[in-house]
Protein chains: 2
Amino acid sequence: MDKKQAILKSVLKLVNREGFYHLNMKKIAQEAGVAAGTIYLYFKGKEDLINALYGMIVNEFNLKVLEGYDDGKPVQANFFRMIDLAIDFYLGEPDNFSFIEQYTYAPFLFKENQDENFTLLLPIYKMMREGKKQGVIRNIPDAVLLALIHGPMNTIIKLHLAHKTDLNKKGAKQKFHEAVWQAISV
Amino acid sequence: MDKKQAILKSVLKLVNREGFYHLNMKKIAQEAGVAAGTIYLYFKGKEDLINALYGMIVNEFNLKVLEGYDDGKPVQANFFRMIDLAIDFYLGEPDNFSFIEQYTYAPFLFKENQDENFTLLLPIYKMMREGKKQGVIRNIPDAVLLALIHGPMNTIIKLHLAHKTDLNKKGAKQKFHEAVWQAISV
DNA sequence: TTAATCAAAATGAACGTTCATTCATTTTTT
DNA sequence: AAAAAATGAATGAACGTTCATTTTGATTAA
């Protein structure tokens, strides 16, 4: 069994269940079924461990979301597919969402990736630019566009995970991505 | 001088500067210019202190945002004013934003206000319902509507505070609230 | 096949530090 | 001079990290 992976999975599970605040190395070790010292064979320390996990999730996310991208298709089709894939990514592994949110809003906790936080948004940027060039997306500042896409996505996932709405209901995702499209299209 | 208030302000400043992770009682006391023990005269402990601060900010926010509400005016006017006031609230005291974000995404950190997190959204709900009744706001699920309003606001403020956009530029707020309106209006 | 050897992997008790909280004492206010 | 407010050193628990020791598993020798 891959202990490194088991340790990372433990952190993910624990952060989601109890938050960063209650995270400690002993719990991580227990959850992973290894000794406390073992963690230090694979990671420099707590901080390194957390950063490694963040990097892993961001990579997985970008990979998954860009699967949907096809330059041949119209911008709208790419957009719908990207939104749906992003939602699927987080609903399939909700721990990822919780972790990313907590990591993002912990200033100075792990300094390295300060601007890198916006790495997550690169796929969106790509699509936005293309849409503007073709004239199908409104010509408003990038930041506003970004806010109109990323913001609702974040919130709807949050609401879903808090059982305030159900994105798995038939047509729910479609209704959502169409609403976002209406906000950003000309 | 009101020591209780000074202590709360210290927490706000420190959480924004260094994050929850590096927050400790000694620093809070130093920043507030009191002894560590003094904090316990005004609060039961660290947890109580954090919760009190959260409650305070939520109250201030709702008060400020609802200032803009006037039943006599059309829904759109109320909406624009509310959005602008919410933005002003956070730009005027960015520490509030950072604190609320970190508090919201710390599951089980301070259990009390789990569902209460949505208290912040009550003014938005109020307006939404009214707009739907009058037929000026699209008849899509509340959660989706909420996501289309609250999400972009969060993100645009985040982008502003990260210097990725400038909401103080002439017309910036207007452009933003109009874009959001386009997303939610019929 | 069995025994011996050794490096790599893993362990978890121990260490030093940090931190929230307490409380005997001092300072301030009434 | 009594009460209330404030202090900050002391306390003990919790935590991240280390490291001497043990276990594992592959390799070699008999």
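Computed over heavy atoms, backbone and side chain alike; hydrogens, waters and symmetry mates excluded. Just so it is clear, the model here is predicted, and its values are computed rather than measured. Below, chains carry the letters A, B, ... as their sequence lines are ordered, and counting in each starts from 1.
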For this session: Apply the test ring pair (Phe, Tyr, Trp, His ring centres under 6.0 Å) to residues A/Phe80 and A/Phe176: give CA-CA distance (whole Å), side-chain angles for both, the deciding distance (0.1 Å), then the verdict.
Result: CA-CA 10 Å; A/Phe80 285 174; A/Phe176 175 73; over 10 Å; no
Exercise. A/Tyr90 and A/Phe61: ring pair (Phe, Tyr, Trp, His ring centres under 6.0 Å), yes or no, with the steps?
Worked result: CA-CA 9 Å; A/Tyr90 286 126; A/Phe61 179 82; 5.3 Å; yes
For this session: Start with the C-alpha gap between A/Phe99 and A/Phe20, add the side-chain angles, then the distance that decides, and say whether ring pair (Phe, Tyr, Trp, His ring centres under 6.0 Å) holds.
Result: CA-CA 9 Å; A/Phe99 180 85; A/Phe20 269 114; 5.7 Å; yes
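Residue B/Phe43 is classed as having no contact, given no heavy-atom separation below 4.0 Å to the nucleic acid. Contact annotation for A/Leu23: backbone-only contact, meaning every heavy-atom pair under 4.0 Å involves sugar-phosphate atoms and none involves a base.
Within the structure, ring-ring contact (aromatic ring centres under 6.0 Å, His included) pairs that include any residue of residues 140-172 of chain A do not occur (at least two apart or interchain).
Side-chain rings of B/Tyr69 and B/Phe79 stay apart, their centers remaining 6.0 Å or farther from each other.
Rounded to a whole Å, the CG atom of A/Asp2 is 13 Å from the P atom of C/dA9. For B/Lys26 and C/dA20, the NZ to C1' distance is 12 Å, given to the nearest whole Å. One interatomic measurement links the two molecules: CD1 of B/Ile7 to P of D/dA5, which rounds to 13 Å at whole-angstrom precision.
Salt-bridge check for B/Glu18 with B/Lys27: passed, with a basic side-chain N closer than 4.0 Å to an acidic carboxylate O.
Around atom NZ of A/Lys13, no more than 12 heavy atoms belonging to other residues, nucleotides or ligands sit under 6.0 Å away. Atom NZ of A/Lys173 sits in a crowded spot, with more than 12 heavy atoms from other residues, nucleotides or ligands closer than 6.0 Å.
Both A/Lys27 and A/Lys44 lie close to DNA chain D; mapped to their nearest nucleotides by heavy-atom distance, the more 5′-ward contact belongs to A/Lys27.
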Polar atoms only, N or O, under 3.5 Å: list the protein pairs with nucleotides 11-18 of chain C and their distances.
from   : atom 1 : to      : atom 2 : distance (Å)
C/dT11 : OP2    : A/Ala35 : N      : 2.9
C/dT11 : OP2    : A/Thr38 : OG1    : 2.3
C/dG12 : N7     : A/Gly37 : N      : 3.4

Are there any protein N/O atoms within less than 3.5 Å of an N/O atom in nucleotides 27-30 of chain C, and if so, which ones and at what distance?
none

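At C/dA10, none of the side-chain N or O atoms of A/Tyr40 fall inside 4.0 Å of OP1 or OP2 (strictly under the cut-off).
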